[in-house]
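One structure is given here, and the rest of the page talks about it.
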Amino acid sequence: MSGTPPRLILEGLTKSFGTYRAVDAVTLALEPGEFFCLLGPSGCGKSTLLRLIAGFERPTAGRIRLGGQDLTELPPHRRPVNMMFQSYALFPHMSVARNIGYGLKGMGKAAISARVAELLRLVRLDAFGDRRPETLSGGQRQRVALARALAREPKLLLLDEPLGALDRGLREETQGELRAVQRRLGTAFVVVTHDPEEAMMLADRIGVMEAGRLVQIGPPAELYRRPANRYVAGLLGDVNLIPGRLGPDEAGEGRSVETAHGPVRGILTSAMPEGAAVIVAVRPEDLVLGTAGLPATVTETTFLGDRVRRTLRLPDGSILRASGRPTDGDGPPGSEAHAGFAAEAAAILPA
Ligand SMILES: Nc1ncnc2c1ncn2[C@@H]1O[C@H](COP(=O)(O)OP(=O)(O)OP(=O)(O)O)[C@@H](O)[C@H]1O
Ligand SMILES: [Mg+2]
C-alpha cells in the first residue's frame with residue numbers, strides 16, 4: 001500500500017426509490033484499516049448502502065469521500081473500492097488462479113502470476129490454483145472470491161454477506177480467516193451481516209441499521225453494554241427490559257428509576273428529563289439473586305453445566321431472566337429471592 005491510508009467519509013447519504021427511503025441520511029467516518037460491520041434486519045438498506053459506496057447506485061442526496069477525494073460522481077470502475085456481492089459467482093470454466101487474476105488483465109503475464117501466487121498464499125489456497133471452483137468446498141470458494149476481490153488492491157473492500165452461503169461450522173472457521181486476512185492487509189473492510197454474533201466477533205466497530213438509518217455506531221462491547229435503544233439492546237443478545245420513570249438527578253452512581261416494584265439504578269444512555277418514561281435494560285448475566293433488589297419468585301432453574309439459567313417472576317407477572325454460576329443457594333421453584341444489579345450494568349433507554 002502507498003501514501004496515506006484513506007479515510008471513508010459518508011455525509012448525509014440518502015437513496016430514495018420513489019417515495020421510499022432505502023438509505024436515510026447516513027453519516028459515518030471509517031478509520032483507515034478498520035473492520036466495520038453493518039448489522040441489521042432484511043430490507044433495512046445494507047446492500048443499498050454498499051452499492052452507493054461502490055457506485056452502483058447514485059445517491060439522492062449526500063456525499064462520499066475517500067482520503068480527501070470526492071467519489072460521489074465517479075463511476076464504479078474509477079473508485080478505489082471493490083465490492084464482493086451477496087452471491088459471489090466464480091467463473092466455473094476457469095481455474096482458481098484464472099478466477100483470481102481475472103481483473104488484472106492489463107498487467108504483464110509474469111506480474112499477474114506473481115500477484116495470483118501472493119493472493120493464493122494470503123487466503124491459504126497455495127495448492128489449489130489449478131483446481132476448478134466446483135471441486136472446492138464452500139469455504140474455499142469463499143476465499144477464492146475474497147482473493148479475487150482483493151486482486152487490484154482496493155483501498156476499501158465492501159463485502160455483502162460474505163459468509164451467508166456457509167453452514168455453521170465452516171462459517172465460524174471462515175470468520176477467523178476473514179479477520180486474519182484483513183489484519184494482514186490493513187485494508188478497510190465494510191462487511192454486511194445480519195448475524196449479531198458474527199458482527200461482534202469480526203468488527204472493530206458495528207453500525208446498526210434500522211429502516212435505512214444508522215441508529216448506533218460503536219465497538220461491539222459498547223453496543224452490547226450501552227445500547228442506544230431497545231432494538232439494539234435486543235439485537236445483540238438476551239436482555240431484561242424493566243419499565244419505569246426517570247428519577248431526580250441526585251448524588252450517587254448513575255440515575256435512579258422508579259419501577260412498579262421499587263427503585264433501581266442504571267446509566268443514562270441519552271439525555272432525558274426527570275419523570276420521562278424509560279426502560280432499564282439489564283443482561284441476564286448481570287442480574288444477581290440475593291437479598292437486595294426487586295422482590296421476585298424463582299419459577300424455573302435450568303442447569304446448563306457451566307451456568308444456571310433462572311426464570312424469575314415479578315409481582316406484576318412480568319418475567320426476568322438471570323444466568324450465572326451455579327450456587328448452593330438456588331432454592332426450589334417457587335422460592336422467593338431479590339433480583340439486583342449494579343447501576344453500571346444497567347442501561348436506561350428511552351421507552
Ligand atoms: N432498485 C430498487 N428499486 C426499488 N426498491 C429497492 C431497490 N433496491 C432496493 N430496494 C428496496 O430498498 C430496501 C432495502 O434493500 P436492501 O437490498 O438494501 O436491503 P438489505 O438490508 O440488504 O436486505 P437483505 O438483508 O435482505 O439483503 C428494500 O425494501 C428493497 O426492496
Ligand atoms: Mg442485502
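If you read the sequence from its start, that first residue is 1, and numbering goes on from there. Indexing begins at 1, ligand by ligand and atom by atom, following the structure's order.
Remark: ligand 1 and L49 share no N or O pair separated by less than 3.5 Å (distance only, no angle test). Below 3.5 Å of separation, one finds an N or O of C44 facing an N or O of ligand 1.
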All N/O donor-acceptor pairs, side-chain side in residues 20-32, below 3.5 Å, sequence neighbours left out:
{"unit_1": "R21", "atom_1": "NH1", "unit_2": "D24", "atom_2": "OD1", "d": "2.7"}
{"unit_1": "D24", "atom_1": "OD2", "unit_2": "R213", "atom_2": "NE", "d": "3.3"}
{"unit_1": "T27", "atom_1": "OG1", "unit_2": "G12", "atom_2": "N", "d": "2.9"}
{"unit_1": "E31", "atom_1": "OE2", "unit_2": "R7", "atom_2": "NH2", "d": "3.3"}

Which donor-acceptor pairs under 3.5 Å do the side chains of residues 120-129 make with protein atoms, sequence neighbours left out?
{"unit_1": "R124", "atom_1": "NE", "unit_2": "E177", "atom_2": "OE2", "d": "3.0"}
{"unit_1": "R124", "atom_1": "NH2", "unit_2": "E177", "atom_2": "OE2", "d": "2.3"}

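Residue-ligand proximity, E161 to ligand 1, at heavy-atom distances under 4.0 Å covers atoms 25 (O). Annotation for ligand 1: atoms under 4.0 Å from non-hydrogen atoms of K46 are 18 (O), 20 (P), 21 (O), 22 (O), 23 (O), 24 (P), 25 (O). Close approach of ligand 1 to S47 is summarised as follows: ligand atoms under 4.0 Å from at least one heavy atom of the residue are 17 (O), 18 (O), 20 (P), 22 (O), 27 (O).
A salt bridge does not link R225 to E285: none of the charged nitrogens lies less than 4.0 Å from a carboxylate oxygen.
At least one heavy atom of G45 sits less than 4.0 Å from an atom of ligand 1. In this structure, M209 has no heavy atom closer than 4.0 Å to ligand 1.
Taking the ring centre of F91 as origin, the terminal cationic atom of R98 falls outside the region bounded by 6.0 Å and 45° from the ring axis.
Counting only heavy atoms from C-beta outward, the side chains of L66 and K155 approach each other to under 4.5 Å.
No part of R51 comes within 4.0 Å of ligand 1, judged by heavy-atom distances.
Between the Mg ion (ligand 2) and S47 there is an N/O/S contact shorter than 2.8 Å.
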